[in-house]
Protein chains: 2
Amino acid sequence: MMDDRKAAILRAVVECYIREAQPVSSAHVTELGNLGVSPATVRNDMAVLEQEGYLLQPHASAGRVPTDKGYRFFVDSLAGPAPLGPAQAELVRMFFARTHGELEHLLHETSELLSKLTDYAAVVVAPNAPEPGRVRSFQLVKLSRRVVLALAVLGNGAVERRSLELPADIEEAQVQQASAALAASLVGSHLERAGSMPRTGDVAVDNLMSMTLQALRKPDPDAAEHVFVGGAARMAAAFDAVSTIRQVLGILEQQFVLVSLLKDVLDRGLSVAIGTEHGLAPLADCSVVVAPYDVDGERAGTVGILGPTRMHYDQAMTAVAVVSKQLTKALSEGGGSGRRTRQKATAEAPVPASPGPAPAGAGRGAARGPRFEGNGHG
Amino acid sequence: MMDDRKAAILRAVVECYIREAQPVSSAHVTELGNLGVSPATVRNDMAVLEQEGYLLQPHASAGRVPTDKGYRFFVDSLAGPAPLGPAQAELVRMFFARTHGELEHLLHETSELLSKLTDYAAVVVAPNAPEPGRVRSFQLVKLSRRVVLALAVLGNGAVERRSLELPADIEEAQVQQASAALAASLVGSHLERAGSMPRTGDVAVDNLMSMTLQALRKPDPDAAEHVFVGGAARMAAAFDAVSTIRQVLGILEQQFVLVSLLKDVLDRGLSVAIGTEHGLAPLADCSVVVAPYDVDGERAGTVGILGPTRMHYDQAMTAVAVVSKQLTKALSEGGGSGRRTRQKATAEAPVPASPGPAPAGAGRGAARGPRFEGNGHG
DNA sequence: CTCTGGCACTCAAGGTTACCGAGCGCCAGG
DNA sequence: CCTGGCGCTCGGTAACCTTGAGTGCCAGAG
């Protein structure tokens with residue numbers, strides 16, 4: 001059904017189309033595919049590939065163009081991890097060497113890095129759960145008669161804050177009492193494991209404490225899912241229809257949709273979703289490459305890129321994998337969102353450079369699991 | 001040089017071109033401009049207007065199109081504040097009625113509001129200076145042997161955080177000592193007025209304290225200039241050349257450039273910059289409408305929109321003015337970035353609604369000063 | 001002096017035709 | 001099973017014409 005030659009032809013068509021964005025003819029394939037057969041033979045095979053749904057002809061006398069299914073086969077049959085080019089490897093190295101500062105800032109810049117690496121739009125989803133780690137410090141601050149601010153500094157330096165609106169006025173002394181009691185109970189333990197507080201006898205204080213615990217346990221409603229999008233302009237270059245650009249931009253602006261999209265793709269065990277494989281109609285001409293990153297061993301967020309279906313999958317996948325890997329490293333080693341001390345990452349786990357057999361398995365490993373389990377080319 | 005009729009003709013051409021995006025003919029002007037003259041007369045005047053640089057012809061047998069200078073004249077001669085449409089007024093009302101939550105969140109949503117109101121891309125620049133107000137609470141938290149986190153809660157509920165990297169290891173007790181001393185000194189006073197600390201005799205503690213003060217006094221290096229862009233997709237709809245969209249998107253992604261642009265326009269006393277009036281070549285086809293907003297009486301940040309030179313200036317200016325006004329209100333009244341209590345704004349200062357003579361001066365006042373001082377139509 | 005109607009001119013846009021050639025499908029022969 | 005050849009199809013391009021919108025200019029009227 002899919003002998004070696006047909007596979008080779010399909011691959012050649014996809015590669016060529018990705019490069020040139022134009023229908024690929026049988027002659028073109030024979031030139032580039034260095035399989036020793038004539039165009040006529042290729043034509044026959046291409047006809048079959050079209051019947052099987054891997055290719056299609058825009059019109060009768062044109063070359064062939066890959067379908068989503070064709071891209072899927074191509075991606076699934078990608079084996080060699082395209083190593084990063086030297087210039088790109090350098091970019092990554094530089095970036096993670098000088099990594100520091102606030103989490104948000106880092107993630108924002110990461111989205112730009114990823115976009116620069118791939119020339120597509122990059123998406124970085126921030127960790128949604130309150131970052132783990134023991135509570136280092138806790139405090140309530142009274143802001144106005146009925147508004148109290150709760151501040152917790154976590155082990156990694158992240159600051160969780162919640163503002164509480166009380167049902168009734170409260171005294172400064174009461175706030176302080178609750179603050180002290182909560183601090184005594186919380187500091188040194190984990191936020192999510194915080195149990196209920198003993199009664200103090202003062203109903204206002206008890207109420208404040210239980211509200212605080214409740215608020216701390218669920219994620220910050222304001223923070224929502226923080227998403228960083230980088231390089232939308234680059235994405236625009238990959239399409240030529242203005243309407244397509246509009247639609248894609250529209251999606252990129254809907255943070256919730258974006259997050260769902262990436263999450264959905266990951267949940268299905270994929271690292272690449274091609275064309276209509278993800279459900280979003282406006283992105284029918286787009287593919288998505290994703291990888292999760294971890295913080296302290298727990299899956300925390302997602303990085304991904306969004307480009308045209310005719311994207312450079314190998315490079316994109318490598319870039320995403322490398323960045324997610326490095327991000328995991330950067331976030332786990334030096335500490336979380338507080339100031340991270342300077343990384344030794346460059347020395348320890350070299351970014352795969354271009355030449356040679358390349359220790360690229362390192363960068364790839366994380367993504368390899370999910371990568372080949374597509375609802376493939378059946 | 002610019003008699004009433006010519007002015008009327010010019011206005012008619014601009015209005016018409018803004019609506020229809022097509023060269024305007026003399027006949028069209030006579031229809032819409034209800035000045036009682038024939039097309040031939042209009043033609044003559046239009047020829048003069050072209051010589052004077054207000055109009056130009058795309059090609060010989062086409063209608064006229066406004067130049068930047070033409071738009072400038074039009075904008076400067078705009079007098080009546082176009083009131084918001086009822087639907088838009090409702091949007092604004094709703095938005096600021098439910099305003100609450102973190103500053104960043106609010107500003108982000110404001111950019112979407114503004115974009116929705118105008119159908120162009122909206123830009124909101126966050127306040128860069130640490131927010132004013134007395135310090136309510138201060139604390140140092142030791143994160144690791146050499147990293148200490150400084151946390152200050154300001155009067156309006158905003159939290160300033162700085163992480164400090166020390167030159168040498170420090171003890172928990174020393175951090176606590178410095179924390180207590182600083183808290184005693186800072187709480188109740190203003191951050192920027194904080195003087196130097198008395199010596200304690202422990203050089204590490206003294207050093208930590210002075211580093212802290214120093215860090216607190218300058219703005220957060222990580223926060224940089226925070227910019228929120230909303231509705232880039234809407235902007236894309238206003239242009240038809242893909243290359244233009246790319247360029248504009250590119251600018252929208254360069255936060256620094258964006259901030260400079262808005263600041264520059266404001267500094268020049270303008271609230272509208274048309275086409276090439278701002279220096280950015282890629283934005284030659286764009287106009288910018290800006291207005292500052294205040295926090296506690298001090299100019300804090302900027303809101304603005306970016307659209308095609310043929311934008312609906314009156315509506316855009318109104319929207320920007322109203323939003324900046326309301327933002328000022330929201331940020332000053334209920335407190336800053338902490339939870340703001342529910343606004344009474346709607347009752348107190350009604351958003352100018354559509355019908356009637358409209359108390360629109362309210363929404364306009366803020367912007368009127370700067371508005372008419374362009375390097376005009378000389 | 002100003003405005004108007006008329007007329008000739010210009011030029012982009014749209015439609016028609018014809019041509020070219022890339023690329024396929026098919027088939028007969030090796 | 002592969003190959004070379006032949007005929008067919010159709011998109012793309014160019015040349016051409018027509019159309020009509022819109023101008024510029026001018027002579028005449030108010």
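Treat the numbers as computed from the prediction; the structure is a model and nothing was measured. Labels below follow one simple rule: chain letters A, B, ... track the order of the sequence lines, proteins then strands, and each chain is numbered from 1.
Distance from the side chain of B:Thr41 is smallest for C:dC3 among the nucleotides C:dG6, C:dC3, C:dG25. Minimum atom distance to the side chain of B:Ser25 is reached by D:dT23, of the listed D:dT23, C:dT4, C:dA12. The side chain of B:Arg5 lies closest to C:dC3, out of C:dC3, D:dT23, C:dA12. Nearest to the side chain of A:Ser61, among C:dC11, C:dG23, C:dG25, sits C:dG23. Which of C:dG25, C:dG5, D:dC2 sits closest to the side chain of B:Ser38 comes down to C:dG5. Side-chain proximity of A:Ala60 to the nucleotides C:dG5, D:dG24, D:dC10 is greatest for D:dC10.
Between B:Glu253 and A:Glu112, the closest side-chain pair of non-hydrogen atoms is not below 4.5 Å. Side chains of A:Leu283 and A:Leu261 form a contact here, defined as non-hydrogen atoms less than 4.5 Å apart.
Contact annotation for B:Ala62: backbone-only contact, meaning every heavy-atom pair under 4.0 Å involves sugar-phosphate atoms and none involves a base.
Here B:Asp264 pairs with B:Arg268 in a salt bridge; the nearest charged N to carboxylate O distance falls below 4.0 Å.
To the nearest angstrom, C1' of D:dG22 lies 15 Å from CG of B:Leu55. Atom CZ of B:Arg43 is separated from atom C1' of C:dC3 by 12 Å (rounded to the nearest Å). Between A:Asn44 atom CG and D:dC1 atom P there is a gap of 12 Å when expressed in whole angstrom units. Atom pair B:Glu31:CD and D:dA21:C1' shows a separation of 13 Å (rounding to whole Å applied). Distance, A:Leu35 CG to D:dC2 C1': 13 Å, rounded to whole Å.
Residue A:Gln22 places none of its side-chain N or O atoms closer than 4.0 Å to OP1 or OP2 of C:dA22.
A parallel orientation is assigned to the rings of A:Tyr120 and A:His312, their planes being inclined by less than 30° (bins at 30° and 60°).
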